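First comes the structure, then the notes that go with it.
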Amino acid sequence: MPLFFRKKKPSEDSQKRLEYQLCLSKEAGADDILDISNCELSEVPSSAFSICKVLQKKVLILHNNELRSLLTKGCDILSLATLKVLDLHENKLSSLPEDIGRLASLQIFNVEKNLLKTLPASIGDLRLLQTLNLKGNCLSELPSSIGSLSSLRTLDLSDNSIIQLPKALAYIRTIESFTLDATKMSYPPPSVCLEGTESIQRFLCNELGEDYCPPSQYLLPVLENDSTSGKQNSDCLDGLEATWQNKFSDYERRKEQKQQEKLAFERHLEEKQKQHTQLLLMNNSHKENVLNSVRQEQERLEQGVNQQQRAQEAERLLILQKVRQAEESISFRISNMLMDNNRQAKSAEFLQAMEEERIRMEQLTAITQEETNSLRRREVAAAMQKMLSDSCALSLLQEASDFRRRNLVSEACRSLENMDRKFDKVLSLQVLDKSNAITQILQEEEMQKAAFQALQLQKDSVHGYIRNQIKLIETELMQLTKLEIKRRNLDTENLQEVLGEQRTALSDLLQQLLKQKDQREQELRQVLVELELKSESNQQNYWMIQYQRLLDAKPLSLRMQEVGVEKELVNLLCKLSAQHYLPILAHNRVTTEALRHMTSSDLKKLGINEIGIQKALLNWAQEHRPEGACKVAQQDEVPEIPSTVPPPSPLPSLSNTSTIQMPSPPLTPGTPVTPSAPSPVEGPGSSECVVCMETGSQVIFLPCGHVCCCQVCSNAMQSCPLCRSEISQQNSGIMSLPTLLILYGSQTGTAQDTAQRVVRQAQRRRLQVQAMPLDNYNVTNLISESLVVFVCATTGQGDPPDNMKNFWRFLFRKSLPVGSLSRLDCAVLGLGDSSYPKFNFVAKKLHKRLQHLGASLLLPVGLADEQHDLGSDAVIDPWLKSFWDRVYALYPPLADVIPLREDEQLPPTYTFHFLDDDREGRRPTEDSHRANCPLPVASLCCQDDV
Ligand SMILES: Cc1cc2nc3c(=O)[nH]c(=O)nc-3n(C[C@H](O)[C@H](O)[C@H](O)COP(=O)(O)O)c2cc1C
């Protein structure tokens, strides 16, 4: 038996049955049977033990329960000592009590269909046992003590695992019926077992060397008598058997009777349940009825309420009608009174007539004059009184109506005034909105126009060509000047002359080209004006459309370059649906060979952002290795140009200066021409200014063509310091240093300070520099800026600072042309705090947007973090260093500029003015301009941190 098993709670019916049976067995006159079968018992109730003991029960029926053990805790097996019949079939017994042999009276023992594995040895003590049913258990062997069951007649061992019988069975001489699974047996052999009980017994006797005697020769013990008597009496054997049969049939009968009683009880129970169900049904229907009646009552009430409401409504209408009638009757009365009034007026006339008549009558009859007079006077007075009271009431009514009218009019006036005020307000708001929208549109249009203009200049092939030529000539002139200075030292006059001639020729050429450039720009401006005139006044985004058209028209040079792209590469792009990258590949002259040495980031830098396409291109290049590489290299060297396109005009040889002709501009700007002057060791602008000897030469003087002065010194020059010829024109466009613009967005001043820091660094490098908040800057000028640093903080939850909000709104307009900032070199430095979820959001977004608008970002966005252990400078310092490296790479002449010495003071950022004593009471003013202040100046200048 398992140590822990959950006792299953018997069902209600089983419990009832158990109680019923226990009660029944205790009743006076009850038989010797205790039948507690089919009660779902997991153990024998202790009360059953006491009942058996006290009432000396002979039959205990426990079949069809859940018993795992016969004995219950605290109960003694001797309580069952009187039992003759013990029926335990169909339970879950896995063992029998070790002292089962103490049931000395037991004659019939049924343990069929249990889980018995072994039998206790004491079973052999059951000397009166006649029937032992062990069928359907798990027994594999029998104890040899079984041979002591000297009264056993019937033994059923079938449906067990027994394959061997103990030889001691031969000692049971009374056995008549022996049931076992003959075929499974090994001892005695199946052949013996199949022949039946006698054969088995014979076999076993034989095995023991005993003689076999049939059971009929052995007498059974007297069943009915006490076991103690134990005498065998062959004469009364049949009688005993009959008595036993009677008893058994009596037991069966009583069992039947009990069954009937039980059925009757169950019927009774069923009836009760039916009654209960009927009662429930009745109760439900009654409840339903009550609910229905309540519902009906409610409906009736609702109807009543509705009727009442209708009646009240009708009454209200009636009253309204009556009021209206009363009003009508009042107005009718007023009109009557007015009529009365008229009538009275008439009666006054009539009275006057009467008076006249009276006078006439008086004159005629002087009889009873006084009486008549008094009578008349009274009548007239009464009539007058009535008339006066009527007119008084009338005037009161009129006054009241006047007053109401006045009230109404003033109210109407007031509401009209309110309405007017509101209307005015709305109107002014609208006007404000409109003017805002107009300024925005104008700003946008201006930007688009500027973008168009810039692009037009950039795209114009003639202009481009002229620019190239100017650049070349400038370079030539510069080199010539350098050579000339060197030669001068060597004093080689002839060469000097030649060089002078070359320089003059080049200067002439440069002048012509500059003129042509101006002319071309003039023409383009004219085109612009014409376009403007053509544009319909109401057409939106006119410049945007023109800009797009211009963008769409690929320059011939690019088309030529596209022709030069390898066919296979073009096919691959088509296959990848990435034809739009063809111009990029063409422009950068990307070949299969070049691709093979490139990485994804290289392609990204070129503007091929889609990772899939990057990978496909790189893989393709790797797959097309050796033969292709050779071909591509050749193609790279000599790009195939269609014959229809004229080759670029070479610059005339400088050695032949007398025959220099102004080259006519070709249809397309060709590849830059190599300067003909001897290759200089240093780059352009690398010779130092002959005046200050510090900065590189940056300005070309015309007409002499000398390049010998820096930007600053050249301003004061009227004649060339080398040749003393008068300066008619200074050309500094190409070789000049950029003007750096620093635009910042700052909420609490940190970004502004950082911007000032960049300003100081620029000033140290002698660069023209300007810094201002983004919203103070006219954003439409951005198109024409060359170098800008954006220093932007993030505030709120990823919001731009207040002083860049307008700029922010403007920059993210959808109508801004993509690529409109293509001439701008810039960099973005963000100030933020990584403890905020949107860390440096503004700087990151600005960086992306500028990229989208075509600006070229010199370096990745700087993301300064206040949370860094070293503060924001941990990022700002290296970022600024990289920025200046990039600027130096972009503007090589800057390398020749000798920066300010450490001890040289920069112009102060802030100045403080101390006021005279006689101006007491006035506070020192901050940021007053030094020039305007005659007083001692204390300058508060931030520490230089270059
Ligand atoms: C109210 C407030 C909100 C801020 N929100 C952010 C933010 O969303 N993201 C971020 O990176 N930094 C945020 N910061 C940190 C600032 O960007 C950082 O302190 C910066 O240096 C301030 O520059 P400023 O003084 O020029 O405004 C916030 C700071 C403050 C005071």
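Predicted model, so just to flag it, every value in this text is computed and none were measured. Scope of the values below: all heavy atoms of this structure, side chains included, with no hydrogens, waters or symmetry mates.
For Asp877, the side-chain hydrogen bond (donor to acceptor under 3.5 Å, both in side chains) partners two or more places apart in sequence, or in a different chain, are Arg757.
Using a 4.5 Å heavy-atom cutoff, the side chains of Leu740 and Val789 are in contact. Looking only at side-chain heavy atoms (C-beta outward), Phe790 and Cys826 come within less than 4.5 Å of each other. A 4.5 Å side-chain heavy-atom check between Val828 and Leu857 finds at least one atom pair inside the cut-off. When side chains are defined from C-beta on, Lys845 counts as touching Trp808, because their heavy atoms get closer than 4.5 Å.
In this structure, Asp602 CG and Leu606 CG are separated by 7.0 Å, a value rounded to the nearest 0.5 Å. Note that CG of Leu569 and CG of Leu595 are 6.0 Å apart. Values are rounded to the nearest 0.5 Å. Once rounded to the nearest 0.5 Å, the distance linking CG of Asp833 with OG of Ser872 reads 8.5 Å.
Judged as a salt bridge (Lys or Arg N to Asp or Glu O under 4.0 Å), not a single pair has a partner in residues 849-870 (not counting sequence neighbours).
Between Trp884 and Tyr888, the angle of the ring planes goes over 60°, which puts this pair in the perpendicular group of the 30/60° scheme.
A side chain to side chain donor-acceptor pair (under 3.5 Å) with Gln747 holds for exactly one of Asp802, Thr794, Thr795, Asp799; it is Asp802.
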*Can you check side chain to side chain contact (heavy atoms under 4.5 Å, CB included) on Lys615 and Leu618, steps first, answer last?*
CA-CA 5 Å; Lys615 280 192 182 153; Leu618 295 176; 5.9 Å; no

*asked:* Walk me through whether Leu824 and Ile783 qualify under side chain to side chain contact (heavy atoms under 4.5 Å, CB included).
replied: CA-CA 7 Å; Leu824 178 70; Ile783 283 168; over 6 Å; no

_Residue pair Val861, Leu863: steps toward the side chain to side chain contact (heavy atoms under 4.5 Å, CB included) verdict_ = CA-CA 6 Å; Val861 57; Leu863 302 175; 3.9 Å; yes

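Judged by distance alone, with hydrogens and angles left aside, the side-chain atoms of Gln614 form a donor-acceptor pair with the main-chain N or O of Ile608 at under 3.5 Å.
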Tell me which donor-acceptor pairs under 3.5 Å the side chains of residues 768-775 have, and how far apart each pair is, sequence neighbours excluded?
residue : atom : partner : partner atom : Å
Asp775  : OD1  : Asn806  : N            : 3.2
Asp775  : OD1  : Phe807  : N            : 2.9
Asp775  : OD2  : Met804  : N            : 3.4
Asp775  : OD2  : Lys805  : N            : 3.1
Asp775  : OD2  : Asn806  : N            : 3.2

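Atom NE2 of His852 has 12 or fewer neighbouring heavy atoms from other residues, nucleotides or ligands inside a 6.0 Å radius.
In summary, the side chains of Arg886 and Tyr891 do not present any donor paired with an acceptor at a separation below 3.5 Å, with no hydrogens or angles considered.
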